[in-house]
Structure formats: C-alpha cells, structure tokens
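Report on the following structure.
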Amino acid sequence: MRPHLAITMGDPAGVGPEIIVKACERLRGRIDSGDLRLLVIGSVPALRAAGKIVGIDSVIPETAFGDEWPALACLQAGPETDPILPGKLSAAGGRMAYLAIESAVRLAEAGRIQGIVTAPLNKEALNLAGYHFSGHTDMLAKLTNAKGSVMMLAHGPMRVSHVTTHVALEDVPAKLTPTRLRTVIDLTHQALRDLGVSRARIAVAALNPHGGEGGLFGRQDIDISAPTIAQCVADGLDVVGPVPGDTVFVKLRAGQYDAVVAMYHDQGHIPVKLLGFNVDPQTGQWNALSGVNITLGLPIVRTSVDHGTAFDIAGTGVANELSLIEAIDYAERLAAARLVR
C-alpha cells in the first residue's frame, strides 16, 4: 500500500503555494502513474494564483473532505474572510495555516492520510490569528496529545536530532536530563531504522567545549550525558559520546555516524543549513534550499521544508521547491515503514 500524504500550505502569503505547485509539477510523472498520492490542504485561491505566478497551467483539482480523492487534489482548509496577499503578514494567513494543520491531523487520525508534509508558516501571523504556538512542532504536539516530540533535520546523510530547540541558551543545561536525552536517542534510533539505516550509529554532541574538559568547563557531559550513553550501549544501541561539538559534525559528514544528537538549536541547525543552503557567490542568489525538518515522537508522520515563508520573495515565482520534494520523499519513506510495522 502506497501512503497517501497531505501537504499543508502553511501561510498562503508566503512561498508555500508556489513551491507546492512547482513540486507537484515535477512529481507529476509519479503521480500520474499512481506511485505517489498527494492532497494539498490550504487556500485554493492562493494555489490557483501561484500557478499563474510560476507559469504552470496544470490545475490541481479541488475536492472535499468526504470525497474519494484522486492521486493529486487540493482541499480548502476553511472559509477565507479576508484577502491573503503574497508577502503580506496577516491574521488571515495565520488562521489558514492553522486550519490546514488541524484538517490534516483530523484526516491522519481517521486513517485517510498516512503522513503530513508542511510548507512554512509565519509565527507572528499565527499568533495574530489567536493561535499561540511557537511553530508547527508544538502545534502538532498539542493537536495529537503527544509528549516528548523531537526535531530532526536531515540533508542527505547529515541527520541531526535536537535535545532542545526554541529555548534561550541559558535554559539549555537544565533541560538536558537523562530522561530527555534517552528519549531523543531512542526516537533517533527508530527513525534511522524506518529510513532503512540498519546499523543506526548515533553520536551525542557535547554540551560544553571539549566535553567539559574534566569538569573545568561544566559537568553536564560527565554527569548526565556519559552515563545515559553508557546505558544505551548496555541496551544494545550503537551510541558514542559525548563528542566535542567542534568535531562531531565533521565525523558525521565523513560517514563515521548515521546521526548526531545536538544539545541545542544552533548547534544542530548551523551544520545542516551550511551544507544544504547553496548560494551563488557571484550574485548572492540562492541556488538551492535543501534539507528536511522531521518531527519524531508524534503518532503521525510529519516532515517539513527547512526554510521559512520568505515573504520578501513571495509572489515573484523564484522560490525553490527542492526542500519540499525532499520532505515528500522522507514522509513517504517514514509512512511506508509505519504501514508495515
């Protein structure tokens, strides 16, 4: 059975509609052959406008919640009370982004879709609409009643999970606990297995410089990480660390590990985005925005692009769809693994 995936549009005022249209067009061969099934959820008017902006005439047919969907269809997430314009921050855009996610979760819980791929939303617009979340991850956790979700970023063989994400740097040490670290390691291990990585070699990055240097620079790596890693090894997992943060990602890129557990947001995000985001040095223009955001620990599969709404280029047709295509691929693989578990 091929999983049926939903693509939520995110904020319709961002680049989401444009990259969705471009990605669906590039994947049309697989869709027409029945190898891939996609349901786009969001603002149908924004999707139609995006098709004109990017010069793609192929129309994604509109459907309804109760219908039998074709291999490619779009679904209006809710009524549009105010115009949503490209590049313009608005409560209406934030509201539509939330309704798209809410609809996708409802469909996933009903078994009608097997995974969700999210285009970017704008946190300010989301909060203007009255939905007080810091982003997709905590919104999905709330909607699915999930506890202990984990963010993983992936770009090719670079896979990085995070102990903490959207918290102040000063709060990170207190959030590094044996329970949290073990949760992140276990979910990372399961994700690697679902992605077909049989050995699943995981390195845990050190929180402090040089892993604490024997306690001179902090004891978290010695007192918390090291014993937790030792227990993982005793339980049969292939885990090493704490590995100093200034070398662990070089070793990951060299293929010594299959994933790294990072301690905080920037420690994990910078190496993945440095490799995945490609800029033309002559023009300063983005050639590619590659990378996927995967939420582990949810009862449903969720992947996302690894970039924002890009209001500054929304409506120009230049947004790159590569990250969305990669996110679709990851969601398909993870959903297929769950179907046969």
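Please read all numbers here as calculations on a predicted model, not as lab measurements. Counting begins at 1 with the first residue of the sequence.
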Is the shortest distance from a Lys or Arg side-chain nitrogen in [X] or [Y] to a carboxylate oxygen in the other one below 4.0 Å?
X    : Y    : value
D238 : R199 : yes
E25  : K22  : no
E332 : R30  : yes
D329 : R333 : yes

Least distance between heavy atoms, [X] atom then [Y] atom:
X    : Y    : value
V184 : S161 : CG1-CB, 3.9 Å
A23  : I325 : CB-CG1, 3.8 Å
G211 : I222 : O-CG1, 4.2 Å
V248 : V260 : CG2-CG2, 3.7 Å
L169 : Y264 : CD1-CD1, 3.8 Å
I60  : A73  : CG2-C, 3.5 Å

Stepwise salt bridge (Lys or Arg N to Asp or Glu O under 4.0 Å) test for D35 and R2: CA-CA 7 Å; D35 185 50; R2 290 283 181 183; 2.8 Å; yes
Look at the side-chain heavy atoms of Ile, Leu, Val, Met, Phe, Trp and Tyr, link any pair under 4.5 Å apart, and say whether [X] and [Y] land in one connected group.
X    : Y    : answer
V243 : V272 : yes
I300 : L121 : yes
M152 : V261 : yes
I19  : M9   : yes

Working for side-chain hydrogen bond (donor to acceptor under 3.5 Å, both in side chains), residues R302 and T118: CA-CA 7 Å; R302 181 260 175 163; T118 61; 2.9 Å; yes
Derivation of the side-chain hydrogen bond (donor to acceptor under 3.5 Å, both in side chains) call for Q190 and D194: CA-CA 6 Å; Q190 183 61 60; D194 286 346; 3.0 Å; yes
Pairs satisfying side chain to side chain donor-acceptor pair (under 3.5 Å), at least one member in residues 137-148, at least two apart: S134-D138
Full working for side-chain hydrogen bond (donor to acceptor under 3.5 Å, both in side chains) between S43 and Q76: CA-CA 5 Å; S43 167; Q76 180 72 24; 4.7 Å; no
side-chain hydrogen bond (donor to acceptor under 3.5 Å, both in side chains) assessment of D221 paired with N208: CA-CA 7 Å; D221 299 294; N208 298 301; 3.1 Å; yes
Sidechain-backbone polar pair: R180 side chain, V163 backbone, donor-acceptor under 3.5 Å: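 Checked: pair present.
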Step-by-step salt bridge (Lys or Arg N to Asp or Glu O under 4.0 Å) determination, D235 to R182: CA-CA 11 Å; D235 292 338; R182 182 62 193 256; 2.9 Å; yes
Parallel, tilted or perpendicular: rings of H166 and H265 (30°, 60°): tilted
side-chain contact (heavy atoms from CB on, under 4.5 Å) between V172 and V167, worked out: CA-CA 7 Å; V172 171; V167 300; 3.9 Å; yes
Candidate pair R106 and E109, rule salt bridge (Lys or Arg N to Asp or Glu O under 4.0 Å), full reasoning: CA-CA 5 Å; R106 188 162 71 248; E109 291 176 336; over 6 Å; no
Among M158, R159, R201, side chain to side chain contact (heavy atoms under 4.5 Å, CB included) partner for L252: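 When side chain to side chain contact (heavy atoms under 4.5 Å, CB included) is applied between L252 and each of M158, R159, R201, only M158 qualifies.
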Salt bridge (Lys or Arg N to Asp or Glu O under 4.0 Å) against D266, all qualifying residues, sequence neighbours excluded: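 For D266, no residue satisfies salt bridge (Lys or Arg N to Asp or Glu O under 4.0 Å) once neighbours in sequence are set aside.
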